[in-house]
2 protein chains.
Amino acid sequence: MASETEENYIKAIFKITEKNQGAANTNAIAAHLSTSPASVTDMLKRLSSKDYFHYEKYKGVYLTSKGIEMATQLIRKHRLWEVFLVDKLGFSWDQVHDIAEQLEHVDSDELIIKLDSYLGHPKYDPHGDPIPNAEGKFTLRNQVTLQSLEKNEKGTVVGVRENDTPFLQYLNHFNIKLGTKMQVLSQIDYDHSMKVLVDDAVELVLSHKACSNLFIKKTTL
Amino acid sequence: MASETEENYIKAIFKITEKNQGAANTNAIAAHLSTSPASVTDMLKRLSSKDYFHYEKYKGVYLTSKGIEMATQLIRKHRLWEVFLVDKLGFSWDQVHDIAEQLEHVDSDELIIKLDSYLGHPKYDPHGDPIPNAEGKFTLRNQVTLQSLEKNEKGTVVGVRENDTPFLQYLNHFNIKLGTKMQVLSQIDYDHSMKVLVDDAVELVLSHKACSNLFIKKTTL
DNA sequence: TGAAATTTTTAGAGTACTCTAAAAATTTAT
DNA sequence: ATAAATTTTTAGAGTACTCTAAAAATTTCA
């Protein structure tokens with residue numbers, strides 16, 4: 001069985017290659033795991049016999065199907081636990097990442113089967129990220145960033161790009177959550193911020209940064 | 001923070017001293033953790049600066065109040081997770097030990113507060129063992145072993161002495177669980193087995209070993 | 001009390017990680 | 001095309017555990 005450290009390396013490689021569309025390089029893995037590049041090289045060399053990824057010196061690394069399978073199951077476990085923490089225990093969406101990061105390493109297939117069923121086979125986690133099914137398939141959402149909407153276009157919030165605590169708390173502050181309705185009132189050229197109407201009630205100005213990190217499903221009029 | 005290994009050592013020492021009423025010796029700790037006595041000595045030496053226990057060479061070890069506090073919280077976490085696994089996820093009582101053994105090491109005070117509340121502040125785990133409260137106090141049960149009952153005495157099952165899988169499955173086989181009613185019909189001198197009436201319906205003969213490991217709360221007539 | 005049995009510790013080494021500093025390879029920019 | 005900047009690897013060492021074999025201390029018992 002893979003150690004917790006090994007699991008974290010595989011997950012980091014998966015996330016980096018998913019974002020980059022290419023091999024994950026040493027520095028990126030080190031940054032992702034808050035470790036040194038030297039440690040990463042060392043670990044990659046030791047792990048390379050285990051068939052989770054292809055590694056060529058100076059070329060970076062990409063996962064094999066075995067590695068992808070492992071990463072996907074970890075993401076499944078992480079997101080199911082997040083649903084549990086929010087839906088059942090009453091945590092808010094900005095509090096669950098670190099706890100799920102621990103829970104995802106608990107090893108029991110039966111546990112995940114039962115947890116999934118207990119939660120009603122959820123398709124999305126509390127941040128709107130898709131939960132892969134037992135076979136590793138993600139349900140993809142039809143989404144765009146708030147930033148990409150034109151004036152007067154409407155939609156509802158279906159996710160956030162990064163689920164870092166400060167951003168989630170910023171959204172809490174404006175009472176923006178999954179399902180919140182958004183309509184673009186105007187785009188402000190100067191700094192690319194946007195004036196929006198929230199839940200048909202409140203007018204807000206959101207920064208460019210915030211708008212690029214909010215995923216919206218457009219309402220077809 | 002304590003490592004998982006450290007936590008397991010402290011818990012083992014707690015369980016051994018609780019049973020023995022004396023210091024935990026090296027061999028006992030090694031047996032409990034499936035490791036070698038040499039490793040235990042080494043670990044005790046390294047840990048002894050951390051104030052969890054008193055250690056004297058060749059004399060064994062006993063916990064300080066700091067160590068007892070830690071062990072108690074681990075037992076609390078373990079047993080709360082067992083309740084979750086049985087009551088919410090539908091595991092049976094013989095399946096939950098190993099999973100709870102992993103879950104108990106997840107580090108989050110808020111998680112345990114919320115879990116406890118979600119479960120309705122249970123006082124006993126699925127094997128009838130008391131769950132210490134947040135302050136570490138155990139609710140003690142008024143219990144005797146089935147073996148100690150006299151002919152015709154009655155009671156209900158409130159716990160098991162060891163919760164090893166084979167014993168629990170033996171009980172499953174006879175449909176004996178927490179709350180099952182028991183009446184002693186006769187004691188068989190030859191091998192100290194007992195003939196009992198289960199739930200006012202079924203007559204069974206239970207071995208001496210089984211009878212000594214079943215905890216009963218007597219029904220006062 | 002002293003020999004035998006048992007328990008515990010020490011010695012020495014191995015694995016799975018971690019690190020910093022320096023060297024090597026690659027990429028970028030002129 | 002070569003120098004500079006960047007990335008990656010190597011070298012060497014440290015920590016937190018693990019082990020087996022042997023030595024030392026303690027306990028048991030005749």
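Chain letters run A, B, ... following the sequence lines, proteins first, then strands; residues in each count from 1.
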task = Would you classify A/Asp42 as touching base, sugar-phosphate or nothing, given that sugar-phosphate means primed atoms plus P, OP1 and OP2, and contacts are heavy atoms under 4.0 Å?
result = base

request  = Look at B/Thr26 and C/dT9 and indicate whether a side-chain polar atom (N or O) is within less than 4.0 Å of OP1 or OP2.
outcome  = yes

key: Position toward the 5' end of DNA chain D (nearest nucleotide), B/Thr35 or A/Thr41   = A/Thr41

key: D/dA16 - base-pair partner by Watson-Crick or wobble geometry, distances under 3.5 Å   = C/dT15

inquiry  = Once you apply a heavy-atom cut-off of 4.0 Å, does A/Thr5 come out as touching a base, just sugar-phosphate, or nothing?
reply    = sugar-phosphate

query = What's the NZ-C1' distance between A/Lys57 and C/dT27, to the nearest Å?
reply = 18 Å

ask   = A/Phe14 ring centre to A/Lys19 NZ or CZ under 6.0 Å, with the angle to the axis within 45°?
value = no

ask   = When you measure from the side chain of A/Gln187 to the backbone N and O of A/Leu149, does any donor-acceptor pair fall under 3.5 Å?
value = yes

task = Using a cut-off of strictly less than 4.0 Å, decide whether A/Asn27 has a side-chain nitrogen or oxygen near OP1 or OP2 of D/dT8.
result = yes

message = So, OP1 or OP2 of C/dC19: does either fall under 4.0 Å of a side-chain N or O from A/Ser36?
response = yes

request  = Specify the residue among B/Leu47 and B/Pro37 whose closest nucleotide of DNA chain D lies further upstream toward the 5′ end.
outcome  = B/Leu47

request  = Verify whether one side chain among B/Glu82 and B/His127 offers a donor that lies under 3.5 Å from an acceptor in the other.
outcome  = yes

Closest listed nucleotide, where the reference is the side chain of A/Tyr58 and the choices are D/dT9, D/dC19, C/dT8 = D/dT9

key: Distance in angstrom units between B/Arg46 CZ and C/dT9 P, rounded   = 14 Å

inquiry  = Nearest whole Å is fine: how far is C/dT18 C1' from A/Leu44 CG?
reply    = 15 Å

message = Just verifying a value: how many Å separate B/Lys50 NZ and B/Thr64 OG1, rounded to the nearest 0.5 Å?
response = 13.0 Å

query = Now, which nucleotide makes the Watson-Crick or G-U wobble pair with C/dA23, with each of the two distances under 3.5 Å?
reply = D/dT8

query = Checking side chain to side chain donor-acceptor pair (under 3.5 Å) against B/Asp94, which of B/Thr165, B/Asn163, B/Asn172 comes through?
reply = B/Asn172

key: Nearest-Å distance for atom pair CD/C1', residues A/Glu6 and C/dT18   = 15 Å

ask   = Which part of the nucleic acid, if any, lies within reach of A/Glu4 when heavy atoms closer than 4.0 Å are counted: base, sugar-phosphate only, or nothing?
value = nothing

inquiry  = Just N and O in the side chain of A/Tyr55: are any of them under 4.0 Å from OP1 or OP2 of D/dT9?
reply    = yes

query = Nearest-Å distance, CG (A/Asn20) to P (D/dT7)?
reply = 13 Å

ask   = Between C/dC17 atom C1' and A/Lys45 atom NZ, what is the distance in whole Å?
value = 14 Å

note = Winner on side-chain proximity to B/Met43, out of D/dC19, D/dC17, C/dC19, is D/dC17

key: side-chain N/O B/Lys59 vs D/dT26 OP1/OP2, d < 4.0 Å   = no

